[in-house]
Amino acid sequence: MLYTTEMLRRARAIDLWVTLKGLGKQGVSELVWELHQKAVYFSELLKEAGFEILNDVVFNQVLARYESDKKTSKLIKEIQE
């Protein structure tokens with residue numbers, strides 16, 4: 001990873017270093033745990049609102065579907081407006 005062009009884009013190594021320096025190992029661990037808990041909470045709220053959760057929430061991503069593709073598209077359009 002240290003010798004690839006990916007680490008040169010937007011100076012990601014600096015972001016990582018600053019985060020670790022500022023929060024420390026325990027702080028980063030707590031941040032990751034909190035992000036996960038928020039994703040789980042968000043998925044529960046979506047379920048209560050009638051959404052189907054299509055993935056196991058293992059980190060911070062929630063994939064949801066609302067009743068049908070047509071209703072999902074309509075909901076997305078209304079949110080964007």
Side-chain angles (χ1 to χ4, degrees):
M1 179 176 88
L2 295 175
Y3 302 108
T4 64
T5 57
E6 186 63 25
M7 286 305 289
L8 297 174
R9 294 184 190 170
R10 297 185 329 165
R12 288 186 179 142
I14 294 171
D15 292 342
L16 177 61
W17 180 82
V18 169
T19 301
L20 288 172
K21 187 74 173 168
L23 297 176
K25 187 177 180 180
Q26 183 65 31
V28 171
S29 177
E30 290 172 6
L31 176 65
V32 169
W33 178 250
E34 187 176 328
L35 290 171
H36 170 70
Q37 291 300 108
K38 287 179 180 179
V40 169
Y41 175 70
F42 187 61
S43 71
E44 291 169 357
L45 291 177
L46 288 171
K47 276 185 199 175
E48 290 174 12
F51 286 81
E52 176 185 2
I53 305 303
L54 302 175
N55 67 322
D56 293 329
V57 181
V58 294
F59 180 49
N60 66 353
Q61 296 180 354
V62 179
L63 180 61
R65 180 177 180 269
Y66 185 66
E67 295 180 9
S68 69
D69 290 340
K70 185 176 181 179
K71 287 187 177 184
T72 300
S73 296
K74 182 179 181 215
L75 179 65
I76 290 170
K77 182 181 178 192
E78 289 176 7
I79 288 171
Q80 290 174 340
E81 289 175 354

Within this structure, what is the CD-CG distance for the pair E44 and L46, rounded to the nearest 0.5 Å? 10.0 Å
How close do L23 and L31 get, counting heavy atoms only, and between which atoms? CD1-CD2, 4.1 Å
Counting only heavy atoms from other residues, nucleotides and ligands, does the tally under 6.0 Å from CD of Q61 exceed 12? no
Per the side-chain contact (heavy atoms from CB on, under 4.5 Å) rule, which among V62, L45, T72, L75 passes with F51? L75
Donor-acceptor pair, distance only, cut-off 3.5 Å: does the side chain of H36 make one with the backbone of N60? no
My understanding is that only residues two or more places apart in sequence, or in another chain, count here; which of them pass side chain to side chain donor-acceptor pair (under 3.5 Å) with E30? Q26
Taking atom CD1 of I53 and atom CZ of F42, what is their separation to the nearest 0.5 Å? 8.0 Å
Report the distance from atom CG of L63 to atom CG of D56, rounding to the nearest 0.5 Å. 11.0 Å
N55, CG: over 12 other non-hydrogen atoms inside 6.0 angstrom: yes
Minimal heavy-atom distance between Y66 and K71, with the atoms involved, is CD2-CB, 3.9 Å
Main-chain N/O of K25 paired to S29 side chain as donor or acceptor, under 3.5 Å: no
